[in-house]
Amino acid sequence: MIGICAYGGYVPRHRLNRMAIFGAMGWMNPVLIVHATGEKAVANFDEDSITLATAAGINCMEGFERERLDGVYFASTTAPFRERQNSVIMAGALCAREDVRTADFAGSLRSGTSALLSAIEAVGFNGGGPVLVSAADCRLGKSASVQEMYFGDAGASVLVGSENVIAEFKGSCSLAEDFVDHVRGSNSRFDRQWEERWIRDLGYNKFIPEAVQRLCQKFEMTPQDFEKIVYPCYMPSARRQIVKMLEIDPAVEQDGLQTVVGDTGSAQPLLMLGMALEEAEPGDKLLVIGYGNGCDALYFEVTEEIKKLKHRKRVSRSLAARQELDNYQKMLVWRDMIPADIGARGEEDLMMRWSLEWRHHNAVLGLQGSKCEVCGEQQFPPQLICANSECGAIDQRTPVNLSLGGGKIFTYTSDLLAASVNPPSFYGSIEFDGGGRAMMDFTDCTQEELVVGKRVKFTFRIQRYDSRRDLPIYFWKAIPIEEEVF
Amino acid sequence: MGSGIRDKVVILGMGCSKFGERFDIGSDELLLEAFQECLNDAGIEKKDLQAAWLGSALDEINIGKSATRVAGTLHLPNIPVTRVENFCASGTEAFRGACYGVASGVYEIAIAMGVEKLKDTGYAGLPNSPAFGQKYVLTCPNISAPGMFAQLATAYSMKYGIPMERVKEAITHVSWKSHQNGAKNPKAHLRKAVSKEQIAGSPSIAYPLGLFDCCGVSDGCAMAVVTTPEVFKKLKPNQDAVKVKALQIAASSGEEEFTNRWDGCTIKSASIASQRAYDEAGIKDPRKEISMMEVHDCFSITELVTMEDLHISARGQAIDDVLNGFFDLDGGGIPCQVDGGLKCFGHPIGASGLRMLYEMYSQLLRRHPEDRLVKDARIGLTHNMGGFPNHNLVSVAIVGLD
């Protein structure tokens, strides 16, 4: 049996009330008021689609050994790199094996489900170990655009395998159509879309019912046979029409998260699937549709195994961990949409030395430290000679992936001098579980949340952005947490 | 073990430029200011110099690498000139080089110079540079010097269970006292006495440090000519000899940064360097025997914990000593930062160690007006700290009269 073994999601902590956008930009485009309901998830200043996908992947892999992964697939239309494989970075952050299969899926909002289908095929063909599929997007709409209103940022993951399958893959069908509702050239930062009525009437309302019908035909089913139908579509009127056309109970339609997250592009069908699986019962039939330049329709049947999966509320827990983004301008600065002066200190050039980075890439991507084979102490970054003065063992160490555990705060500060697009800069000394210390940035917190002795978990983030060369540089940061997660 | 430096070298003369935001002049003019004063004081000519050491730290916005440009500026007569860099101890490091040159018997007269032109950085604070190496950049958070030192306060408050308000009260006194002293010093960068309310209410820089908890970032230059006791006696038979009693440096082993052994609020290398210096100088009870100190108060909290690291205040007791006025000029204890310290005299990195020695030397020779003089000063201690609390180096120098 091949199918889904686990699911996970990551919705960034910051949520922007859409009325804040309207308040700032409604003067330019009063029609925006139509979209100004609820809130959208906004990636923090140090997040992008790689870090969102990694966070979702970590969430999905809770309870599973990452060493067993045979594949790590990344899907996005906002991959930070055109050359330098994005999925390899993610695999490194997940501490996957070196001989893992990695691949990037791109070019369409359907890339999330395309990656999922490829993972299913890979597991089916190789009959082997699990493949993690992580999709994320951080799409940009221009200021005062409709897209700025309805886009949201998030990551979602699915673990595909042949053991402990919680939702068996029964089959799929796809549609490929060069229907240009959205388009971005290779040098465009901002989404461009065609008239919304056309997108609704000849896009969503045509292709999604068609994909459902084709799949139903293939398996001699009707739309009413499914307990849940998952499809992305940000337009409430289009969703009402689709429910009508499919002649299904509105409760069968999985909520589109539009008022709490927004349209997260490649991640959307997987994020919604995660929400559906949180509630699913054995025997439930699920239909999942990826939409963008056609459709992917995937049919799953939930198994008894789902009862054994620990911590079912994976996506909704991330959804609940929210903090209101207090102003719209912050989002513009974080996304580099308005030139903000962070001071000349922030202009000093720190070019990444790639040959140096390569020598230390396990420490950088995987937060890998060393454990002394003589005295047993952990240290980060890895030490050639044990830093314990009573030991001092030379070159006797084993690697230890510190990102798998947590730590606690030893000292902290809140720094207004260090250049940042999100001042103040929070950082301090943390103690790793099992020993060893490191000076690390704190993120996703307020100063009040920094308390000596408080637990932290680690998160893969953009350490700094090299604006001269348009390169995000990644490393780990610490997030203070109230209690042990999982 | 060697026999140490004690009484083997005498300061023949010193010079120190005015410190401050010297936007109108560069390193060349700063060097000239100190050089002229130094040679005049020593009573020698340029041709009498046999070797030179120069300390400067931020070469990228200062004089560049090596000291060839400085040798060219002063047109030194083809003598060996060596640039040394050891973060904030660079000036003391230059002094150590010159002293060891003389003590070894290789030279009879050597000069130690320190210069730093920081106010060409273009923004406040020290320039952002990969000062700890490119490897450190890979995993380093978005730090600044105040933020790294501010964490001493977090740890101190935690370790001793002292509320942050009480720590703030003490470090406010530290800065207040330095402003009192700096106000009297014509060469100091910041020459205004300020109230404790102003200090405590200053804008936050890095929690819990405010603007007045941070030292000035300044341009400046200081120098010392050193010689043997024999040559000194010949050249200056009527002047008290300010002798070098101890010169010590200790660098972190990495244990504080990488292991769980460190308490976060003691500077281990300062504790070690100062004990070695006391041993070298033959000092048994520093709290009784040291007359005055110039310590590395890059931040007020640094000075506070340094009082304990130097074995002057007992562990956890520095706050009481500070608030009791033990380190004030007229407090009846050990006056500290009598020239205003880094806080007010200013902190041109490479010059600071020599500037501190300049103050000790001037005090010992009673060259200051009465209101600035330390009574019965016989032994002066200087202390520099480079790097960050969790990984650093500390220099301790002791000079004095017989």
Side-chain angles (χ1 to χ4, degrees), chain A residues 343-348 350-353 356-357 359-361 363-364 367 369 377-381 383 385-389 392 409-420 424-429 431-432 435-442 447 450 452-453 463-464 473 475-478, chain B residues 60-61 121-130 132-159 203-211 214 252-265 268 301 388-391:
Chain A
R345 174 176 294 277
E347 292 173 18
E348 297 288 355
L350 282 175
M351 184 173 73
M352 175 57 103
R353 321 264 158 182
L356 168 82
E357 195 271 348
R359 290 195 297 276
H360 303 286
H361 71 277
V364 173
L367 196 65
E377 279 202 15
Q378 282 184 167
Q379 281 140 27
F380 183 86
Q383 299 293 304
I385 298 172
C386 180
N388 169 8
S389 61
I409 299 174
F410 177 56
T411 58
Y412 68 89
T413 188
S414 152
D415 186 335
L416 280 152
L417 184 66
S420 171
S425 174
F426 296 130
Y427 55 89
S429 178
E431 264 175 28
F432 295 107
R437 285 195 190 139
M439 196 64 69
M440 290 183 90
D441 284 309
F442 296 111
Q447 188 178 329
L450 297 172
V452 173
Q463 179 208 35
R464 64 194 164 89
I473 307 293
F475 186 56
W476 291 81
K477 297 187 179 184
Chain B
E60 62 272 32
I61 53 151
T121 301
Y123 49 85
L126 292 179
N128 210 12
S129 75
F132 294 85
Q134 293 287 346
K135 187 182 152 190
Y136 189 74
V137 172
L138 295 175
T139 56
C140 182
N142 188 24
I143 58 170
S144 75
M148 291 299 277
F149 280 88
Q151 293 173 62
L152 286 170
T154 326
Y156 194 93
S157 158
M158 201 64 198
K159 179 175 178 183
S204 175
I205 299 293
Y207 174 82
L209 304 181
L211 182 64
C214 308
S252 299
S253 73
E255 199 161 33
E256 300 99 296
E257 178 171 357
F258 302 116
T259 78
N260 291 24
R261 287 179 186 74
W262 186 46
D263 66 4
C265 59
K268 193 178 167 187
I301 185 67
F388 293 137
N390 68 346
H391 207 136

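Just so you know, these numbers use all the heavy atoms, side chains as well, and skip hydrogens, waters and symmetry mates. Every chain is numbered from 1, with letters handed out A, B, ... down the list of sequences.
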Thr411(A) side, atom OG1; Met148(B) side, atom CE - distance, nearest 0.5 Å | 8.0 Å
Please report the closest heavy-atom contact between Tyr427(A) and Asn142(B), naming both atoms and the distance.
-> CE2-O, 3.3 Å
Closest approach of Val137(B) to Gln463(A) (non-hydrogen atoms, all atoms of both residues) | O-NE2, 3.0 Å
Heavy-atom contact with chain B under 4.5 Å, split by part of Gln447(A) | side chain
Of the backbone (N, CA, C, O) and the side chain (C-beta and beyond), which part of Glu257(B) lies under 4.5 Å from a heavy atom of chain A, both, or neither?
-> backbone
Look up atom CG in Leu416(A) and atom CG in Leu211(B), then write down how far apart they are to the nearest 0.5 Å.
-> 11.5 Å
For Phe410(A), check ring pair (Phe, Tyr, Trp, His ring centres under 6.0 Å) against everything at least two apart and list the hits.
-> none
Rounded distance [0.5 Å steps], CD in Gln134(B) versus CD in Glu357(A) | 12.5 Å
Heavy-atom distance under 4.5 Å to chain B: side chain of Arg464(A), backbone, both or neither?
-> side chain
Chain B contacts, top residue of His360(A), Gln379(A), Met440(A) (heavy-atom pairs, under 4.5 Å) | His360(A)
Distance from Arg261(B) atom CZ to Asn388(A) atom CG, nearest 0.5 Å?
-> 3.5 Å
NE2 of His361(A) to CG of Leu138(B), rounded to nearest 0.5 Å, is 12.0 Å
Counting only heavy atoms closer than 4.5 Å, note whether Tyr412(A) contacts chain B via side chain, backbone, both or neither.
-> both
So, the part of Ala124(B) with a heavy atom under 4.5 Å from chain A: the answer is backbone
Side chain, backbone, both or neither of Met439(A) within contact of chain B (heavy atoms, under 4.5 Å) = both
Under the 3.5 angstrom rule, does the side chain of Arg345(A) hit a backbone N or O of Leu126(B) as a donor-acceptor pair?
-> yes
Between Ser414(A) (side chain) and Ala206(B) (backbone), is there a donor-acceptor pair under 3.5 Å?
-> no
Contact summary for Ala418(A) and Ser144(B), nearest pair of heavy atoms | N-CB, 4.1 Å
What part of Leu417(A) lies closer than 4.5 angstrom to a heavy atom of chain B: side chain, backbone, both or neither?
-> both
Between Tyr123(B) and Glu348(A): side-chain donor-acceptor atoms closer than 3.5 Å | yes
Check whether Glu377(A) gets within reach of chain B through its side chain, its backbone, both or neither, counting any heavy atom under 4.5 Å.
-> side chain
Considering all heavy atoms of both residues, which atom of Ala387(A) and which atom of Gly254(B) are nearest to each other, and what is their separation?
-> CB-O, 4.3 Å
Segment of Arg353(A) engaging chain B (4.5 angstrom heavy-atom cut-off) | side chain
Check each atom of Pro381(A) against the heavy atoms of chain B and say whether the ones under 4.5 Å are side chain, backbone, both or neither.
-> both
Between Thr139(B), Asn390(B), Thr154(B), the one whose heavy-atom pairs under 4.5 Å with chain A are most numerous = Thr139(B)
Heavy-atom side-chain proximity of Arg437(A) to Thr259(B) below 4.5 angstrom | no
Options Val364(A), Val452(A), Ile473(A), ranked by heavy-atom pairs under 4.5 Å with chain B, top entry = Val452(A)
Minimal heavy-atom distance between Thr413(A) and Ala150(B), with the atoms involved, is OG1-CB, 3.6 Å
Which residue out of Ala145(B), Pro208(B), Ser253(B), Cys140(B) racks up the most heavy-atom pairs below 4.5 Å with chain A?
-> Cys140(B)
Among Ala438(A), Gly343(A), Ala419(A), the residue with the most heavy-atom pairs under 4.5 Å to chain B is Ala419(A)
